[in-house]
Amino acid sequence: MLFTTLTLAAARQKLAERLCPLPCEEVPLAEALGRVLSRPVQAREGVPGFDRATMDGFAVRAADTFGASEGLPAYLRVTGEVLMGRAPDGRVGPGEAWRIPTGGMLPEGADAVVMVEHTEEVSPDVVAVLRPVAPEENVVRRGDDVRAGAVILPAGRRLRPQDIGLLAACGVARVSVLKQPVVGVIGTGDEIVGVEATPAPGQVRDVNTPALAAAVCAAGGVPLVFGVARDELSALEEVLAKALAAAEMVLLTGGSSVGARDLTLRAVAALPGSEVLFHGLAVKPGKPTVGAVVAGKLVVGLPGHPVSALVVFEFLVRPLLEPERIDRVPLRVRLGRSLRSAPGREDYFRARLVVEDGILVAEPVLGKSGLIATLSEADGLIRLPLDVAGAEAGEMVDFFLL
């Protein structure tokens, strides 16, 4: 079968349209980091749940401090003290102050806190205020952080540490999240040996399956590695059937171009209920990529070269596993050296980021797509779009962090 080349965006859209929605599950907060919310989370109560001080000092009526200065302090009677974890057992009256620690509950009658640095204790019962405070100064009111009933996190949010903190503050102990997609990973090739093996002449260690398994993990999926299949149609069909039975999506590497020994397309097309969506991408590296749906599950045949496989994963597969990142916003950086491209395809170039005179500059890391060390050296990828023939040193270009 000849290539029927699609743009990367068109291929991604075809796969996204056939992607089955993931089921939901409820997990405890301790296991929610990195998971994707299946529905919005609403605050059942306000945060904080009471008016509280944001500084150590004295809870006061702000009006009692107006006009205070170091030369003419405002003298207030100290009539109480706020203890942490307890509600005050009295109120602040006119001309009075209560000692209060950071986070302490503001007593009734008080509407501000004077920082301890702006006071002098004249006696155990009298404090001199050396600087005025305005109403609400050094105070957080009930519900200032989170309003009761408000949506605090939207559906589709991949939970970060700060999100976990917000949920904890709101008393949310369990959350509904999307099930992590199980992704089968299959390598192909008679020349591939295990990582622990010493390759004989003509053999190479398996780079793609461990690298892609790690990429699936980084995208929030659960990789299921099926090893390396032989360059034999029946062997590939057998392992594909096993992977499709166990996973929501399957990735194959190698065997996707148009050579006589490239069996991925034939094996995928032979499966019951198979529909090939595309064969070939208008992208470099990564042109020989296959996309198919088999009985409602996606199968993506990635190129055998490690850099090509990982670049295509990043821009074709990862957005399917991380839908909230499907429209990633690139950095705009200065190009360190001129690059040549071919109109009609997107070109991705590995590059390091350096800072020159306070400006981010992308320095290309040149090398063929089979050289995995070049991708390890890179901080990200420069993208040259379909309609350009290259870019000159000094131009601003799109840069995607890896």
(message) Is it the case that over 12 heavy atoms from other parts of the model lie below 6.0 angstrom from the NZ atom of Lys179?
(response) yes

(message) Measuring only between side-chain heavy atoms, which start at C-beta, is Leu375 closer than 4.5 Å to Leu402?
(response) yes

(message) If you compare all heavy atoms of Pro364 against all heavy atoms of Ile382, which two are closest, and at what distance to 0.1 Å?
(response) CG-CD1, 4.3 Å

(request) Taking the side chain as every heavy atom from C-beta outward, state whether Val78 and Pro124 have any pair of such atoms under 4.5 Å apart. (result) no

(request) Answer yes or no: is there a donor N or O on one side and an acceptor on the other, between the side chain of Glu395 and the main chain of Glu392, under 3.5 Å? (result) yes

(request) Working to the nearest 0.5 Å, report the span between CZ of Arg12 and CG of Leu281. (result) 10.5 Å

(message) Between Arg35 and Glu25 (salt bridge meaning N to carboxylate O under 4.0 Å), is one present in this structure?
(response) yes

(request) Return yes if some donor-acceptor pair links the side-chain N/O of Arg52 with the main-chain N/O of Met105 below 3.5 Å, else return no. (result) no

(request) Report yes if the side chains of Phe58 and Arg99 come closer than 4.5 Å at any heavy-atom pair, otherwise no. (result) yes

(message) Strictly distance-based, threshold 3.5 Å: is any side-chain N or O of Thr65 a donor or acceptor partner for the main-chain N or O of Val133?
(response) yes

(message) Go through it in stages, so that I can follow the logic: the residues are Phe278 and Thr289, the test is side-chain contact (heavy atoms from CB on, under 4.5 Å), and I'd like the CA-CA distance, side-chain angles, deciding distance and then a yes or no.
(response) CA-CA 8 Å; Phe278 58 86; Thr289 297; 4.1 Å; yes

(request) Give a yes or no on this: more than 12 heavy atoms of other residues, nucleotides or ligands lie within 6.0 Å of atom CD of Glu191. (result) yes

(request) Mind checking the CD-CD spacing from Glu17 to Gln13? Nearest 0.5 Å is all I need. (result) 4.5 Å

(request) Output the distance between atom CG (Leu212) and atom CG (Leu310), rounded to the nearest 0.5 Å. (result) 5.5 Å

(message) Checking the side chain of Arg352 only, and the main-chain atoms of Asp379 only, is there a donor and an acceptor separated by less than 3.5 Å?
(response) no

(request) Please confirm whether the backbone N or O of Ala10 pairs with a side-chain atom of Thr7, one donor and one acceptor, at under 3.5 Å? (result) yes

(message) Using every non-hydrogen atom in the two residues, find where Pro132 and Phe66 come nearest and quote the distance to one decimal.
(response) CB-CA, 4.2 Å

(request) Nearest 0.5 Å please: distance from the CD1 atom of Ile192 over to the CD atom of Gln203. (result) 9.0 Å

(message) Measuring only between side-chain heavy atoms, which start at C-beta, is Val183 closer than 4.5 Å to Leu224?
(response) no

(request) Spell out, as yes or no, whether a donor-acceptor pair under 3.5 Å connects the side chain of Asp190 to the backbone of Asp231. (result) yes

(request) Answer yes when Lys242 and Glu237 have at least one side-chain N-carboxylate O distance shorter than 4.0 Å, and no when they do not. (result) no

(request) Please name the pair of heavy atoms, one in Ala362 and one in Ala351, separated by the smallest distance, quoted to 0.1 Å. (result) CB-CB, 4.2 Å

(message) Return the OG1 to CE distance between Thr102 and Met115, rounded to the nearest 0.5 Å.
(response) 9.0 Å

(message) Check this for me: Arg332, atom CZ, are more than 12 non-hydrogen atoms of other residues, nucleotides or ligands nearer than 6.0 Å?
(response) yes

(message) Quick check on Arg174: does its CZ atom have over 12 non-hydrogen neighbours (other residues, nucleotides or ligands) under 6.0 Å away?
(response) yes

(message) With heavy-atom distances below 4.5 Å as the criterion, would you say the side chains of Leu8 and Leu316 are in contact?
(response) yes

(message) For Arg160, I'd like to know if atom CZ has over 12 heavy atoms of other residues, nucleotides or ligands within 6.0 Å.
(response) yes

(request) Output all residues satisfying ring pair (Phe, Tyr, Trp, His ring centres under 6.0 Å) with Tyr348, sequence neighbours left out; order by chain, then residue number. (result) Phe315

(request) Verify, without hydrogens or angle tests, whether Asp64 (side chain) and Pro94 (backbone) share a donor-acceptor contact under 3.5 angstrom. (result) no

(request) Answer yes or no: is there a donor N or O on one side and an acceptor on the other, between the side chain of Arg205 and the main chain of Glu196, under 3.5 Å? (result) no

(request) Identify whether the distance between the nearest side-chain nitrogen and carboxylate oxygen of Arg141 and Glu136 falls below 4.0 Å. (result) yes

(message) Looking at Glu356 and Arg334, is there a salt bridge between them, counting it only when a charged N and a carboxylate O are closer than 4.0 Å?
(response) no

(request) Give me the one residue out of Val333, Leu353, Leu335, Val354 that meets side chain to side chain contact (heavy atoms under 4.5 Å, CB included) with Glu363. (result) Val354

(request) Grab the two heavy atoms, one from Val116 and one from Thr119, that are nearest each other, plus how far apart they are. (result) O-OG1, 2.8 Å

(message) Within the structure provided, determine whether Trp98 and Leu106 are in side-chain contact (heavy-atom separation under 4.5 Å).
(response) no

(message) Between the side chains of Asp51 and Arg142, is the shortest nitrogen-to-carboxylate-oxygen separation below 4.0 Å, so that they form an ion pair?
(response) no

(message) Tell me whether the count of non-hydrogen atoms from other residues, nucleotides or ligands lying under 6.0 Å of CZ in Arg131 goes above 12.
(response) no

(request) Mark yes or no for whether Ser274, through its side chain, and Val268, through its backbone, hold a donor-acceptor pair below 3.5 Å. (result) yes

(message) Check whether Lys297 reaches the backbone of Ala247 with its side chain - one donor and one acceptor, N or O, closer than 3.5 Å.
(response) yes

(request) Using the side-chain contact (heavy atoms from CB on, under 4.5 Å) rule, take Arg157 and Val36 through it: C-alpha gap first, then chi angles, then the decisive distance, then the call. (result) CA-CA 5 Å; Arg157 168 68 64 87; Val36 177; over 6 Å; no

(message) Take a 6.0 Å sphere around CD of Glu275 and say whether it holds more than 12 heavy atoms from other residues, nucleotides or ligands.
(response) yes

(message) Please determine whether the number of non-hydrogen atoms from other residues, nucleotides or ligands lying under 6.0 Å from atom CZ of Arg39 exceeds 12.
(response) no

(message) Can you tell me how far apart CD1 (Ile186) and CG (Leu302) are? Round to the nearest 0.5 Å.
(response) 11.0 Å

(request) Looking only at non-hydrogen atoms, find the nearest pair between Val113 and Ala59 and report the distance. (result) CG2-CA, 4.3 Å

(request) Using the side-chain contact (heavy atoms from CB on, under 4.5 Å) rule, take Val92 and Thr79 through it: C-alpha gap first, then chi angles, then the decisive distance, then the call. (result) CA-CA 8 Å; Val92 175; Thr79 57; 5.8 Å; no

(message) Let's go through Asn138 and Val114 carefully: what are the C-alpha distance in whole Å and the side-chain angles of both, what is the deciding distance for side-chain contact (heavy atoms from CB on, under 4.5 Å) to 0.1 Å, and is it a yes or a no?
(response) CA-CA 7 Å; Asn138 301 321; Val114 180; over 6 Å; no

(message) So which atom in Val239 and which in Ala229 form the shortest heavy-atom distance, rounded to 0.1 Å?
(response) CG1-CB, 3.9 Å

(request) Please examine the side chains of Asp56 and Pro101, heavy atoms only from C-beta on, and report whether any two atoms are closer than 4.5 Å. (result) yes

(message) Can you confirm whether Met249 sits close enough to Leu321 that some side-chain heavy atom of one is under 4.5 Å from a side-chain heavy atom of the other?
(response) yes

